[in-house]
Each structure stands twice: as C-alpha cells, then as structure tokens.
Amino acid sequence: MKNILLIATGGTIASRPTVSGLAPQLCAEDILQCVPELESLCRIDTLQLMNIDSTNMSPDCWLRIAACVSAHYDQYDGFVITHGTDTMAYTASALSYLIQRSAKPIVLTGSQKSIYSQDTDARRNLYDAFLAAQDDALHGVLLVFDGRVITGTRARKTRTKSLNAFSSIDYPDIALLREGRILHYIREEKPDGAPQFYTELNPRVFVLRLIPGMNPGVLYSLLDSFDALVIESFGVGGLPCYESEDFLAAVAAWARIGKPIVITTQVPHEGSDMTVYQVGARAAGMPGVLQAHTMTVESVVAKLMWILPQTRDLSRITSLFYTPVAHDLLRFI
Ligand code: ASP
C-alpha cells in the first residue's frame, strides 16, 4: 500500500451551511471519514494547512502549499490537496511552477457540492484523487475532477454549477477514472532525480481585460503598482490604436522601465498569434511585449509571478517565459 499525504485547504468539499452561506468548517479527518473505502486503497496521513474558501487563496497560500509538499516529499508516495474549485486552476498552475519535475503525483481536487449533500460529487472526486495519487504512471501537478485527470497548467474552471466543472484547455486529459480504475490516455516517462522546489513569487501582476474603446491611460495608472501586466486582448491578439490615443505608447512606457507586458486572448480556445493582423504585429515587435500563444491566462499569471523574483532583465524574462514548463506552452512543429 502506498503512503499518501492529504493536505486540506478548505473549499466546498470542506463546507457546511452557515447563516450567511456555505463556509469551510470540516477538517481533513472529517472529510476522510465520509469515504471509508479509501482505507483499502492506501495509507493516509492528514495535514490541515488552512481552511478557506478558495476565493481567499493567494500567492502566499501557494507558497505554503508548495513548502508543505517539499517538507514531506520524501515521506510519501503521493499528495492529495483538497481545495475550493473557484481558484483551483490558478493553484494548479502556480504549483506547476513551484514544484517542477516531480516523479510523484501531486493531485488537486474538490467538489461542486458539499460532502454532506445527497447528490455530492465530493466522495467520488476524493476517491479518484487518491486513486491518481497512488498510481505508478502519474506524476507532477494534476487536477482530478469528475473522472478526469487534467495537467495542472492546462486546467480551467469552465462551469460554475455542473459537476463537470473543469476543462483541459487545448490539451487532452491525461487519464480517465471510472469505477475505481484508471484508463491512461497519455503515458509519459517520469522525471529522474529530485524535484525542484521554488520558494518565491512576486504577486505584483495585473490582468487587464480589454473592452472596445478602453482608454490607454489605464496602463499608465497601473505602472507604479505592478511589475508585469497581462492584457486579455481580442481574437488572436492585437492592441487598439484610436485616432489620438495609442496603446502602443503606453505599452512602450512599461518596457522603458523593464516591466513586461503579455498579450493573451479573451477567446477560450486556441491561444494567440499576434503575427496575423497589423494591430497585433505592431505590438508583437516591441521590446518587452510577449504573447501567451497556447498558455492559459491562469498559467501566464502564475508563470510571471514565478519568473519575476528570479530576474528583472527583460531578455531573461522573455527566455524564461517562452521555456515550456509542464506542458504550459504547446508548439506546432
Ligand atoms: N467558493 C468555493 C471555493 O472555491 C467553491 C467550491 O469549492 O466549489 O472555495
């Protein structure tokens, strides 16, 4: 039997109704007791790291989760992290940068319905998460939900209420879980050697969703408070140029003080390609302007937070940003 550590952080899976709505109140042991079948699957220790609605997750919490995995890495064969669904995809991305080349599975899961509601998905998701965490073929940061194993950097919450809340964006699921068994769609060699843990993040990253007619002055107003800007642009990616107000001048102001801008898209699938239109190509050629290509916004945000403490040199930022980590950046060959 494998040894798995359950790290509990809160979320609906740990919630009970209160007078002001659902709130995390159950501890890791309470949650485990609801799934007695786990006893015959693996040996489980528990650690209650925090008990929060994932709306309150922060880069500091991500660092605490990564540090917890690091501190216990040698003692366990795998890890399950229970987490609220709302920001689970951000945490999955952040952990994919903070814990690299792990040969052991580090599995995030949660539920759309409280573990005590009759039609809960919590028990199934929890069982599936342990099944994945003790599997010999799986490794790295994964998200398990509704019978699917999704790579951490590709996950996104795409449904607010249905049980199939998560999607793997522009990348196949790694595996399928059905009735206590795993079907592997993708098998990869496990990384050799020890994983690499990182201990710093810079949270000064801002995401700006472009709307038609937006005044570029907003870029100047963000300049002092943030060290990197992500612009969710339109289509394959471009920046507007109105008659008298040009976004490019505002973008250049960021580059002048060595702060990167990443252009991504509001369109849910297929990523950016700023070479297609003049409105994109003009911006793409500017120093300090990067594009997300196939990376999800969640991963872009987490990757910038991970890069910025390592370097403030724009060319080094660019090279780290375009170096794929855990399938975050997919390229056509
Ligand atoms: N608000 C909850 C959370 O993210 C939602 C959930 O867990 O499903 O913590």
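When a ligand or atom number is given, it counts from 1 through the structure's own listing order. Start at 1 with the first residue, then count along the sequence.
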Asks: Fit a plane to each ring of Phe247 and Tyr242, take the angle between them on a 0 to 90° scale, and name the class: parallel (under 30°), tilted (30 to 60°) or perpendicular (over 60°).
Replies: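 It falls in the perpendicular class, over 60°.
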Asks: Give a yes or no on this: more than 12 heavy atoms of other residues, nucleotides or ligands lie within 6.0 Å of atom CG of Asp119.
Replies: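 Count over threshold, so yes.
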Asks: Would you indicate whether Glu39, at its atom CD, is surrounded by more than 12 heavy atoms from other residues, nucleotides or ligands within a distance under 6.0 Å?
Replies: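 Count not over threshold, so no.
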Asks: How about Gln75: does its CD atom have over 12 heavy atoms from other parts shown lying under 6.0 Å from it?
Replies: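 Yes, because the 6.0 Å sphere around CD of Gln75 holds more than 12 heavy atoms from other groups.
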Asks: Which protein N or O atoms sit under 3.5 Å from any N or O of ligand 1? Give atom names and distances.
Replies:
residue: ligand 1; atom: 1 (N); partner: Asp53; partner atom: OD1; Å: 3.0
residue: ligand 1; atom: 1 (N); partner: Asp53; partner atom: OD2; Å: 2.9
residue: ligand 1; atom: 1 (N); partner: Asp86; partner atom: OD2; Å: 2.7
residue: ligand 1; atom: 4 (O); partner: Ser54; partner atom: OG; Å: 2.5
residue: ligand 1; atom: 4 (O); partner: Thr85; partner atom: N; Å: 3.3
residue: ligand 1; atom: 4 (O); partner: Asp86; partner atom: N; Å: 3.0
residue: ligand 1; atom: 4 (O); partner: Asp86; partner atom: OD2; Å: 3.3
residue: ligand 1; atom: 7 (O); partner: Thr12; partner atom: N; Å: 2.9
residue: ligand 1; atom: 7 (O); partner: Thr12; partner atom: OG1; Å: 2.9
residue: ligand 1; atom: 7 (O); partner: Thr85; partner atom: N; Å: 2.9
residue: ligand 1; atom: 8 (O); partner: Thr12; partner atom: OG1; Å: 2.9
residue: ligand 1; atom: 8 (O); partner: Thr85; partner atom: OG1; Å: 2.5
residue: ligand 1; atom: 8 (O); partner: Ser111; partner atom: O; Å: 3.1
residue: ligand 1; atom: 9 (O); partner: Asp53; partner atom: OD1; Å: 3.2
residue: ligand 1; atom: 9 (O); partner: Ser54; partner atom: N; Å: 2.7

Asks: Can you pull the salt bridge (Lys or Arg N to Asp or Glu O under 4.0 Å) pairs that have at least one residue in residues 75-100, sequence neighbours excluded?
Replies: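 Non-adjacent pairs meeting salt bridge (Lys or Arg N to Asp or Glu O under 4.0 Å): Asp86-Lys157.
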Asks: Would you call the rings of Tyr97 and Trp306 parallel, tilted or perpendicular if under 30° counts as parallel and over 60° as perpendicular?
Replies: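 Parallel, since the angle between the ring planes stays under 30°.
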